[in-house]
2 protein chains.
Amino acid sequence: MTALSTLHTPAADQSTTQRCSICQGMEPELHRQLQRLGRIKRYAAGEIIVGEEEEAPFVGTVTSGVLRMQKTLYDGRQLIVGLLMPSDMFGRVFSSTSNVSIEAATDVTLCCYSRAGFEILLSQFPALEHRMLLSMLDELESAQNWMLLLGCQSVTERIATFLLILRRRSAKLQSDTVQCLGNSVTIPISRRDMAAYLGTTVESISRSIQEMARQRVLGIIDPQHFRILDERRLVELSGSDDTEMKLSVPVERTLRTA
Amino acid sequence: MTALSTLHTPAADQSTTQRCSICQGMEPELHRQLQRLGRIKRYAAGEIIVGEEEEAPFVGTVTSGVLRMQKTLYDGRQLIVGLLMPSDMFGRVFSSTSNVSIEAATDVTLCCYSRAGFEILLSQFPALEHRMLLSMLDELESAQNWMLLLGCQSVTERIATFLLILRRRSAKLQSDTVQCLGNSVTIPISRRDMAAYLGTTVESISRSIQEMARQRVLGIIDPQHFRILDERRLVELSGSDDTEMKLSVPVERTLRTA
DNA sequence: CGAGGACTTGAGCCAGTTCAACTCATGTGG
DNA sequence: CCACATGAGTTGAACTGGCTCAAGTCCTCG
């Protein structure tokens, strides 16, 4: 498993580990240990980091780019059960095999830890294990929200929800960069991945988006960049009022799985 | 919140806590503490134990009966994101509000712990918190499996999967009771709940089941009791070969959310 | 016995899929 | 630099699985 294409694996430097979500507000000793354990790896879009049902010798966090966690049925149908964005953790601790495949949806930079080493840290630092538990609880909530979306919402509702989540997520990340002034949304993945994430087809996505553009809800700059022209309407189309969004989706990990 | 109908809340006795999944193989002191903290509560089918977005002052385990965790959209559409069977835990630790509503799908007996008290135990006994983490990891996997089912499988596949999971689950529970000799499956919930769980409608479920009966895959004893006549075919219909089922779904919590 | 709920069955309809064609943008080799 | 293949996205047209609505059966309970 894992890539032949890993470019290099230097020890993680200060600036890398500092940005990892799991390292925030950690005791200095733990922070040192994580830094010692971390290795930077790069993968090109499309590469498989961990295969489904495969031995996964490491876990880690996304530094840049987007990972997809996906599952495949025997006949090839597949669903993306989560997108992992910078600061999100990937990999399965306390189990030798992952039940999802983890693939690079774009070119990515990862900060990897050997699974064994990370598990030792978990047992040595209960605070780390506690953070891990909180993180899993959030992720489970997100998964439940996503089930609701897959189980009972229309394609348009799914897309509107996705766009709102994306915008929130990028607003969060770039609060300093101030690049996303106001209402533009960048789709970081292909239509194919969007379809696999939303449980539909590229054709249906295309039609839905073009229809939203016709109704002046969205402005299409190019296939990857939209402008939100009528936010109120987009929230309506998403089928969950704004209030509910704020309450039910932990902002921190909004994109993780929901 | 919580029921007006709680019949009584005696302290949990030995036999109750002994059967809880979280108490298995625990140090005696922790076991004593849990026993002291636990209260038995009973609810009738249909009662709401915890409302969505509501303060939930306790967590607990199911002793008998079935709970449903469900989410509701503003316009009334709803999905059951998990069924909780005896030995499963319910409730959300480390958050004051639940993001799902928890309701009695049948008459149930619960062993409840005050959330605050339980969280104190979690911090005092790292082993308990560790078990909790493992349990959440399993549940997350199940949730991902269920997303795959909701996102890309047909109604027939969903039902076949559900039946196989049910049978496995009950085989597990009743390994001693030897009541389910061989191939009968008991549906512990209504068609309405089944539809909400499988992301479809009662009509579609009915049609699918009758069709499986016509094809001699199932024998219908009564609406709640089927006999599996052609297991191979049922597994085929479920759309995931037997091997995959065994690998991907942790047997222990098979029904939890997947 | 009548009301009401759970389940089944039928008939028509529609959101979304499938299949196919077309438009671009990108890249490759002669 | 062009010819051509390749892949991503869009659009059109036909088809269909599953939904909706409506009616029926059967069982339980007051």
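Of the residues in residues 208-215 of chain A, none lies under 4.0 Å from DNA chain C by heavy-atom distance.
A side-chain donor-acceptor contact under 3.5 Å links A:Thr109 and A:Ser64. The closest side-chain donor-acceptor pair between B:Thr72 and B:Gln78 falls under 3.5 angstrom.
You won't find any donor-acceptor pair under 3.5 Å spanning the side chain of B:Arg192 and the base of C:dG5, going by distance alone. The base of D:dC21 is paired with the side chain of B:Glu203 by a donor and an acceptor separated by under 3.5 Å. For D:dG17, its base never sits under 3.5 Å from the side chain of B:Arg207 at any donor and acceptor pair.
Distance from the side chain of B:Thr200 is smallest to D:dC19 among D:dT10, D:dC19, C:dG16.
The distance between atom CZ of A:Arg191 and atom P of C:dT17, rounded to the nearest whole Å, is 15 Å. Distance A:Asp222 CG to C:dC24 C1': 13 Å, rounded to the nearest Å. To the nearest angstrom, P of C:dA15 lies 20 Å from CG of A:Leu150. Note: CG (B:Leu198) to P (D:dG17) measures 19 Å, nearest angstrom. Here C:dC7 presents its C1' atom at 14 Å from CG of B:Asp193, a figure rounded to the nearest Å. In this entry the distance linking CZ of B:Arg77 with P of C:dA15 reads 13 Å, nearest Å. In this structure, the CD1 atom of A:Ile205 is 15 Å from the C1' atom of C:dT18, given to the nearest Å. Atom-to-atom, CD of B:Gln224 to P of D:dC27 comes out at 13 Å; the value is rounded to the nearest Å.
No salt bridge links B:Asp222 with B:Arg227; every basic N to acidic carboxylate O contact stays at or beyond 4.0 Å. Here B:Arg92 pairs with A:Asp138 in a salt bridge; the nearest charged N to carboxylate O distance falls below 4.0 Å. With respect to B:Arg207 and B:Glu203, no salt bridge is recorded, no charged nitrogen being found less than 4.0 Å from a carboxylate O. Under the 4.0 Å criterion applied to side-chain N and carboxylate O atoms, A:Glu157 and B:Arg77 are assigned as salt-bridge partners. Look at A:Lys41 and A:Glu47 and you find no salt bridge, because none of the NZ, NE, NH1 or NH2 atoms lies under 4.0 Å from a carboxylate O. In this structure, B:Arg42 does not pair ionically with B:Asp107, as no charged nitrogen and carboxylate oxygen lie closer than 4.0 Å.
For A:Thr201, a side-chain nitrogen or oxygen approaches OP1 or OP2 of C:dT17 to under 4.0 Å. For C:dT17, the OP1/OP2 oxygens have a side-chain nitrogen or oxygen of A:Ser204 closer than 4.0 Å.
For the helix from C:dC1-D:dG30 to C:dG30-D:dC1, the axis fitted to the five pairs at one end and the axis fitted to the five pairs at the other end meet at an angle of 30° (nearest 10 degrees).
Checked against a 6.0 Å centroid threshold, the rings of A:Tyr197 and A:Trp146 count as neighbours.
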